[in-house]
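Take a look at the structure set out below.
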Amino acid sequence: MENLLQPWPWYVSGPLITFVMLILFYFGKTFGMSSNLRTLCSIGGAGKYADFFKFDWKSQRWNLAVVVGAIIGGFISVQLLSDESTINLSSNTMDDLSAMGFQNVGNSLLPSEIFSWDAILSLKGFSILIIAGFLVGFGTRYAGGCTSGHAISGLSNLQKPSLVAVIGFFIGGLIMTHFILPLIFTA
Amino acid sequence: MKFIKYLLVGIFFGIVLVKSEAVSWYRIFEMFKFQSFHMYGIIGSSVLLGVVSVGLIKCMGIKGNEGEKIKIFPKDKGFIRYLLGGTIFGLGWALAGACPGPMYILVGTGVFSMLIVIAAAVLGTFVYGVIKDKLPH
């Protein structure tokens, strides 16, 4: 039980993610979390504006059930399966983030500098969340998948498009982390 | 009732991603800084086991729960859309510190500000759908 409450090592977590993918394959489905964003658009009536959203979204209800489950899973993890341990980040990461003005690095899952209500209620903080979400939503549909669809399922299936997409994920991620974040956050 | 099994898969997925810390903004920052093996270990071991499992499924013609052989549909051919779309996604991933799965999961952990990110992601998907035919694919 103690091991369950502590953070799980990568060699346990990685294979368990594969298991999630395989069980969805077994049910005749796919492992793709970003597809739900398109489904939400269709439910909201986006079919009136673009044919891309005119599809039988009810056939995607199973995936929405996965989303609802994921939210519940998040709740269970912090309420019942946590020993409140801090994130064991590398000391280089802690130093870099401190130099950018972040405090209490790794004490919680997310930095309060970005996700706390205080941060969001500023124009800068609000813009960060809106821009970040927009880029994820736009990019993932343009690329036809996200981490689950391309990095895990696509690479497992040895698909060239997914390799290109993952290279793209890293180009974008490296530009953001190394060049743009240091401009946004300065101590 | 038929959705219960998917709900359970989702719950399991949510727990794994929180307990692995893959939902943490800090871990994504650390990954893009190449300062820890943690995220590479998670993704790498997952893909490695995935390659072996998918290979076995194909070789042995393993059947799904409805008695049909498991089929894995490949992505459409293309290059530009994957590189450009992937890069745009990567910019957002590193800024939000979360891709779509973790976004939902984090709402469950009590980070309600993530709902703003999800709303913006839905908007981004909507805009893509509207201007899709004008983009190179």
Side-chain angles (χ1 to χ4, degrees), chain A residues 8 10 13-18 20 25-26 28 33-34 37 40-41 46 50 52 62 65-67 69-75 77-78 90 92-93 109-110 115 120 129-130 132-143 146-147 155-157 159 161 164-165 168-169 171-173 176-177, chain B residues 3 6-7 10-11 13-16 18-21 24-26 30 32 35-36 38 41-42 45-47 49-51 54 64 70 72 74-75 82-83 85-96 99-101 104-105 107-109 113 116-117 120-122 124-126 128-130 132:
Chain A
W8 299 356
W10 60 263
S13 314
L16 290 179
I17 295 171
T18 315
V20 169
F25 285 168
Y26 177 75
M33 287 300 120
S34 62
L37 299 170
L40 290 175
C41 285
F52 182 64
W62 67 270
V66 176
V67 170
I71 296 171
I72 299 170
F75 180 80
S77 312
V78 289
S90 83
N92 288 336
T93 303
L109 285 171
L110 307 181
F115 295 95
I120 301 162
L129 294 195
I130 294 287
F134 189 91
L135 291 170
V136 168
F138 186 92
T140 190
R141 215 60 277 126
Y142 193 4
C146 61
T147 325
L155 292 184
S156 291
N157 198 26
Q159 295 171 170
V164 177
F169 295 173
I171 295 172
M176 178 57 70
T177 302
Chain B
F3 294 119
Y6 298 110
L7 194 76
I11 291 173
F13 178 56
I15 292 173
V16 172
V18 173
K19 293 312 295 176
S20 67
E21 298 171 339
S24 170
W25 186 95
Y26 298 113
E30 188 184 48
F32 284 126
Q35 287 168 336
S36 165
H38 186 77
I42 295 176
S45 63
S46 183
V47 170
L49 187 63
V51 169
V54 169
I70 295 176
I72 296 149
K75 298 278 182 195
Y82 296 113
L83 194 66
T87 302
I88 294 169
F89 171 81
L91 287 165
W93 186 17
L95 184 55
C99 43
Y104 314 125
I105 296 165
V107 173
T109 68
S113 49
I116 299 172
V117 183
V122 171
T125 298
F126 174 72
Y128 167 75
V130 172
K132 156 176 193 291

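One distance of note links CG of A/L40 with OG1 of B/T125; it measures 9.0 Å at 0.5 Å rounding. Taking CD1 of A/I130 as the start and CG of A/L135 as the end, the distance is 11.5 Å to the nearest 0.5 Å. Note that the CD1 atom of A/I120 and the CZ atom of A/F115 stand 8.5 Å from one another [nearest 0.5 Å]. In this structure, the separation between OG on A/S77 and CH2 on A/W8 is 7.5 Å, given to the nearest 0.5 Å. Separation of atoms OH (B/Y128) and CD1 (B/I88) is listed at 10.0 Å; rounding is to 0.5 Å. Interatomic distance, CG of B/L83 versus CZ of A/F169, reported as 11.0 Å (0.5 Å rounding).
When each of A/V78, A/T140, A/V136, A/L155 is scored by its heavy-atom pairs under 4.5 Å with chain B, the top score falls to A/V136. Chain A forms the most heavy-atom pairs under 4.5 Å with one residue out of B/S113, B/G50, B/G129, B/S46, and that residue is B/S46. For chain B, the option among A/V20, A/V164, A/L16, A/I17 with the highest count of heavy-atom pairs below 4.5 Å is A/V164. Among B/E21, B/H38, B/E30, the residue with the largest count of heavy-atom pairs under 4.5 Å with chain A is B/E30. Counting heavy-atom pairs under 4.5 Å between each of A/P161, A/C41, A/A165 and chain B puts A/P161 at the top. For the set B/G86, B/G14, B/A94, the count of heavy-atom pairs under 4.5 angstrom toward chain A peaks at B/G86. The choice from A/F138, A/F52, A/F75, A/F25 that makes the most heavy-atom pairs within less than 4.5 Å of chain B is A/F138. When each of A/A46, A/A70, A/S34, A/A50 is checked for heavy-atom pairs under 4.5 Å with chain B, A/A70 comes out on top. Counting heavy-atom pairs under 4.5 Å between each of A/A65, A/C146, A/G173 and chain B puts A/G173 at the top.
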> Is there a side chain to side chain contact (heavy atoms under 4.5 Å, CB included) between B/F13 and B/I105 once you walk through the steps?
Replying inline: CA-CA 9 Å; B/F13 178 56; B/I105 296 165; 4.2 Å; yes
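Interface remark: B/K132 contributes side-chain atoms only to the contact with chain A (heavy atom separation under 4.5 Å). Heavy atoms closer than 4.5 Å to chain B are found in both the backbone and the side chain of A/L129.
Annotation: side chain of A/M176 is not in contact with side chain of B/F32 (no heavy-atom distance under 4.5 Å).
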